[in-house]
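Note sheet for the following structure.
Numbers restart at 1 for each chain; the letters A, B, ... are given by sequence-line order, proteins then strands. Bear in mind the structure is a predicted one, so any value in this text is a computation, not a measurement.
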Protein chains: 2
Amino acid sequence: MVGSVGNGSMDLREREKAVPLPKEFEREEMVDALTPLRPDTVEEEEKGRTREIVLGRNVHTMCLEVKEPEDDDEVTGDREAYMASVLARYRRSLIDRTKHHLGYPYNLDFDYGALSHLQHFSINNLGDPFIESNYGVHSRQFEVGVLDWFARLWELEKNEYWGYITNCGTEGNLHGILVGREVFPNGVLYASKESHYSVFKAARMYRMECVKVATLVSGEIDCADFKAKLFQNKEKPAIINVNIGTTVKGAVDDLDLVIQTLEENGFKDRFYIHCDGALFGLMMPFVKRAPKVTFKKPIGSVSVSGHKFVGCPMPCGVQITRLEHINALSSNVEYLASRDATIMGSRNGHAPIFLWYTLNRKGYRGFQKEVQKCLRNAHYLKDRLKEAGISVMLNELSSTVVFERPKDEDFVRQWQLACEGNIAHAVVMPNVTIEKLDHFLGELLEKRSHWYQEGKLSPPCIAAEVGKINCLCSLHKK
Amino acid sequence: MVGSVGNGSMDLREREKAVPLPKEFEREEMVDALTPLRPDTVEEEEKGRTREIVLGRNVHTMCLEVKEPEDDDEVTGDREAYMASVLARYRRSLIDRTKHHLGYPYNLDFDYGALSHLQHFSINNLGDPFIESNYGVHSRQFEVGVLDWFARLWELEKNEYWGYITNCGTEGNLHGILVGREVFPNGVLYASKESHYSVFKAARMYRMECVKVATLVSGEIDCADFKAKLFQNKEKPAIINVNIGTTVKGAVDDLDLVIQTLEENGFKDRFYIHCDGALFGLMMPFVKRAPKVTFKKPIGSVSVSGHKFVGCPMPCGVQITRLEHINALSSNVEYLASRDATIMGSRNGHAPIFLWYTLNRKGYRGFQKEVQKCLRNAHYLKDRLKEAGISVMLNELSSTVVFERPKDEDFVRQWQLACEGNIAHAVVMPNVTIEKLDHFLGELLEKRSHWYQEGKLSPPCIAAEVGKINCLCSLHKK
């Protein structure tokens with residue numbers, strides 16, 4: 001299991017039946033609240049079977065069991081030694097896994113050493129960032145600084161926006177779509193079929209009617225199909241998820257064309273647009289000729305991930321919406337001395353400080369440089385793959401390089417590529433250097449000559465996924 | 001503004017109009033994507049006005065502005081010096097605010113120094129904890145170890161439970177109630193009126209019919225009223241939020257009586273119970289005579305917060321449910337090589353390691369000792385308050401001491417008390433020592449003699465909130 005942290009030397013075992021409490025523990029008087037469960041029946045791991053993914057039943061998972069300390073642990077130091085060794089091994093594997101990483105749009109290149117002392121504090125931004133709570137150990141002043149920066153990036157005045165720092169891109173989408181639904185309670189949710197799965201999850205959670213719209217080969221929303229779908233639901237307002245960089249192909253939906261389609265088809269003032277800018281929402285402002293995401297256009301909300309382009313130890317995101325919409329979500333909770341329009345109540349107060357730190361250090365100019373570097377390196381990867389006769393696609397505004405799925409799953413896991421059907425992708429982030437790409441390309445080409453027996457076997461046709469023009473299978477190769 | 005981190009020396013200012021980009025920046029070629037906004041119109045802060053809480057409009061908030069680095073920052077070191085000074089001041093205020101804290105159920109006493117190196121890694125447990133994703137920098141092995149520990153605590157076999165580590169107690173409630181709704185799509189949600197606000201937020205998000213049930217003076221659900229409410233919705237299944245420690249009074253709903261009420265009134269096999277164990281779910285197993293939360297009773301899910309009794313730098317929680325229920329939530333997402341039944345997609349991989357670390361170090365026995373200490377200290381606080389003639393209530397199974405709301409908001413903020421109407425509470429957590437309580441009591445008694453002019457004025461009657469027996473106002477004092 002190459003693709004996983006901490007194998008081999010760690011407690012690799014099947015999820016077995018519950019282990020009873022330590023014997024001596026049962027004699028404690030609190031056992032009336034904690035009776036032992038069934039006896040230990042550890043089964044041998046069945047080796048060699050294909051790993052089948054069944055929700056919640058993936059019994060071959062790894063687990064570092066929590067063990068009850070021995071009475072004399074404080075004297076012997078055994079417990080401390082055990083934990084230190086587990087953590088040291090884990091750290092080593094984190095270093096290795098961080099080095100071999102291409103498939104997820106996370107910038108793994110950051111240094112927050114100056115912030116290490118924060119780990120001693122329980123920092124919690126309960127509720128609304130703009131309203132103080134009585135809990136004093138918070139980081140609202142950093143959070144609001146970060147939000148102001150993003151509101152300015154997307155051109156919304158400070159007294160006209162509301163937002164907060166979320167736990168991840170999904171929370172941003174859940175929030176944006178919820179705001180849309182509160183604005184138009186009987187609205188129909190439209191999203192291209194290449195939208196992130198959280199959009200469809202939101203529809204189910206919120207009991208919204210949801211219509212999937214077709215996409216072009218690039219991965220962008222197909223506005224002809226959008227128009228047709230709108231036509232089928234003329235009487236109901238439209239709530240639209242617009243992708244500023246799809247998950248798989250990094251495709252950017254044409255926001256202007258989406259708005260035009262809505263307005264020309266009788267939806268003027270009857271639509272709400274949420275922009276899912278997970279990765280590219282922060283890159284696009286720095287790309288020349290990129291269509292602009294701005295609140296000067298009739299959009300309702302934008303979300304972006306913080307752990308992606310910025311880089312952050314834990315997932316986080318930024319959600320910005322129009323203040324006028326937010327009252328629909330409010331509910332007065334005197335307990336917190338705070339009205340809460342966020343999805344979560346308690347919120348991680350560390351993430352805003354990480355973001356604030358990076359924004360201050362790098363600034364617009366720093367991001368611009370990094371975006372340019374990523375785009376350059378993405379083109380480098382694409383060109384090298386093409387030269388090697390591998391089908392590949394790179395959307396103009398993107399650093400997500402889509403290519404033929406490597407035949408071997410171990411290779412996929414080694415490089416942590418994200419795959420869908422016949423295609424895989426690598427996302428060129430600031431930590432992905434030319435050297436790393438060369439290393440990857442070298443391994444890929446070597447393996448590939450084995451997979452396809454030095455040209456005797458044909459690689460798959462992926463014209464359906466990347467277009468004929470980008471497909472280099474035997475049929476489409478010029 | 002005593003109750004807030006980082007005042008005075010930091011950038012205290014009104015949320016003003018957007019500031020334009022630095023002038024020299026406009027000449028960069030990427031400005032076509034980033035045009036400046038309106039000119040600076042910083043308004044003076046209007047001092048002395050009552051702070052009015054208006055959602056998203058609390059303009060007197062503090063903000064640490066993100067500033068674009070100067071060209072020569074790397075040479076002069078000015079930027080680094082500025083940031084270091086901000087962070088040093090912030091750290092100092094965190095120490096102060098952590099010291100003066102009584103109102104929120106967070107254990108602020110932890111030492112994760114051994115884990116400080118983890119901050120260098122972007123650890124993300126995408127999707128399901130039991131199914132590997134291709135992203136290798138994760139901590140699933142720690143997460144599953146923690147989940148196993150909790151499943152064992154609540155007596156559910158390893159092959160019969162599903163769960164994950166959440167971002168906070170709210171996420172646990174959102175998940176538990178969503179599972180309930182998927183099991184009974186037309187179910188009515190019942191929750192006592194003293195339930196956490198996230199329960200009612202869930203009802204709104206999920207478009208569920210929601211019925212508020214009355215409470216006893218203790219804060220427990222009133223099962224007579226519950227029965228009456230069930231009677232009004234006989235034809236629909238019931239989804240019930242049971243509080244294992246309410247937010248304000250620390251009241252524990254009588255799970256057995258809730259189940260009995262359901263079964264005796266025609267709801268057998270037509271109900272789903274979610275137990276919101278935010279704080280007390282982890283304390284109660286160690287309290288003698290406490291009614292037992294266990295999956296041997298017909299409950300569907302239990303959630304507990306990780307940053308509360310355990311203590312953790314960031315909010316987190318544990319959610320455990322029956323595996324059989326979870327398929328209702330699943331949706332296949334090949335992108336992650338993972339089906340996702342969590343609310344969030346990307347998940348903080350640091351929190352599971354913090355929890356694993358503390359569970360291993362303290363064990364059942366360690367928690368038991370801490371719970372006993374908390375209960376002892378809570379009784380100490382209650383007795384001292386009562387002796388001083390202050391109305392006070394302490395539920396038998398709780399360490400949440402409810403008392404007359406201090407008259408002065410500065411005092412409330414100084415000690416970070418949570419208040420509702422005429423009552424305040426202090427939650428006695430492991431970091432709350434007798435010394436801290438004495439310090440608090442000393443200050444309270446001194447201030448109080450001023451507020452009530454050494455007995456000339458009467459403190460408020462809070463019999464409605466805490467019962468006549470606990471009220472020491474002039475009317476109810478014996």
Side-chain angles (χ1 to χ4, degrees), chain A residues 3 6 15 18 30 33 53 55-56 58 61-66 68-69 94 97 104 106 108 116 119 121-122 124 130-131 134-137 141-142 144-145 149 152 157-158 162 167-168 170 197 207 285-286 313-315 323 326 330 333-334 339 344-346 348 350 359-360 363 368 416 420, chain B residues 3 6 15 18 30 33 53 55-56 58 61-66 68-69 94 97 104 106 108 116 119 121-122 124 130-131 134-137 141-142 144-145 149 152 157-158 162 167-168 170 197 207 285-286 313-315 323 326 330 333-334 339 344-346 348 350 359-360 363 368 416 420:
Chain A
R15 298 183 69 210
M30 40 71 63
I53 291 179
L55 188 71
N58 190 39
T61 192
M62 282 170 302
C63 167
L64 286 161
E65 202 183 350
V66 173
E68 183 68 13
L94 284 176
R97 294 288 76 211
Y104 292 79
Y106 308 149
L108 304 185
S116 59
Q119 203 163 282
F121 302 102
S122 183
N124 188 337
F130 301 105
I131 301 176
N134 278 349
Y135 183 62
V137 188
Q141 64 275 48
F142 293 91
V144 174
W149 191 91
R152 182 176 162 213
E157 298 288 339
K158 285 186 188 172
W162 183 89
N167 286 297
C168 57
T170 289
Y197 70 88
R207 294 186 155 166
F286 306 104
M314 68 279 291
L323 181 59
I326 213 62
S330 71
V333 183
E334 198 190 19
R339 295 192 200 189
M344 296 302 156
S346 283
N348 182 345
H350 294 264
L359 294 184
N360 260 301
Q368 185 187 19
Q416 302 165 51
E420 192 174 82
Chain B
R15 299 184 66 210
M30 40 73 59
I53 292 180
L55 187 70
N58 190 40
T61 192
M62 282 171 304
C63 167
L64 286 161
E65 202 183 349
V66 172
E68 183 68 12
L94 284 176
R97 293 288 76 211
Y104 292 79
Y106 308 150
L108 304 186
S116 60
Q119 203 164 280
F121 302 101
S122 183
N124 189 337
F130 300 106
I131 300 176
N134 278 348
Y135 182 61
V137 188
Q141 64 275 50
F142 293 91
V144 175
W149 191 92
R152 182 174 163 216
E157 298 288 339
K158 284 186 190 174
W162 182 89
N167 286 297
C168 57
T170 289
Y197 69 89
R207 293 186 155 165
F286 306 105
M314 68 279 291
L323 181 59
I326 212 61
S330 72
V333 183
E334 198 189 19
R339 296 193 198 185
M344 295 303 156
S346 283
N348 182 344
H350 294 264
L359 294 184
N360 260 301
Q368 185 187 17
Q416 301 166 54
E420 190 174 83

From Gln119(A) CD over to Gln119(B) CD, what is the distance, rounded to the nearest 0.5 angstrom? 5.0 Å

CD-CH2 distance between Glu65(A) and Trp149(B), expressed to the nearest 0.5 angstrom: 13.0 Å

Between Asn360(A) and Pro69(B), is any pair of side-chain heavy atoms under 4.5 Å apart? no

Heavy atoms, side chains only, cut-off 4.5 Å: are Met344(B) and Met344(A) in contact? yes

With sequence neighbours left out, what residues match Ser346(A) under side-chain hydrogen bond (donor to acceptor under 3.5 Å, both in side chains)? Asn124(A)

side-chain hydrogen bond (donor to acceptor under 3.5 Å, both in side chains) partners for Asn167(A), two or more places apart: Glu171(A)

Quick one: closest heavy-atom pair of Cys168(A) and Gly345(B), and the distance? SG-N, 4.3 Å

Where is the tightest heavy-atom contact between Val66(A) and Gly145(B), given as atom of each residue plus distance? CG2-O, 3.7 Å

Which one, Gly363(B), Ser116(B), Pro315(B), leads in non-hydrogen pairs under 4.5 Å with chain A? Pro315(B)

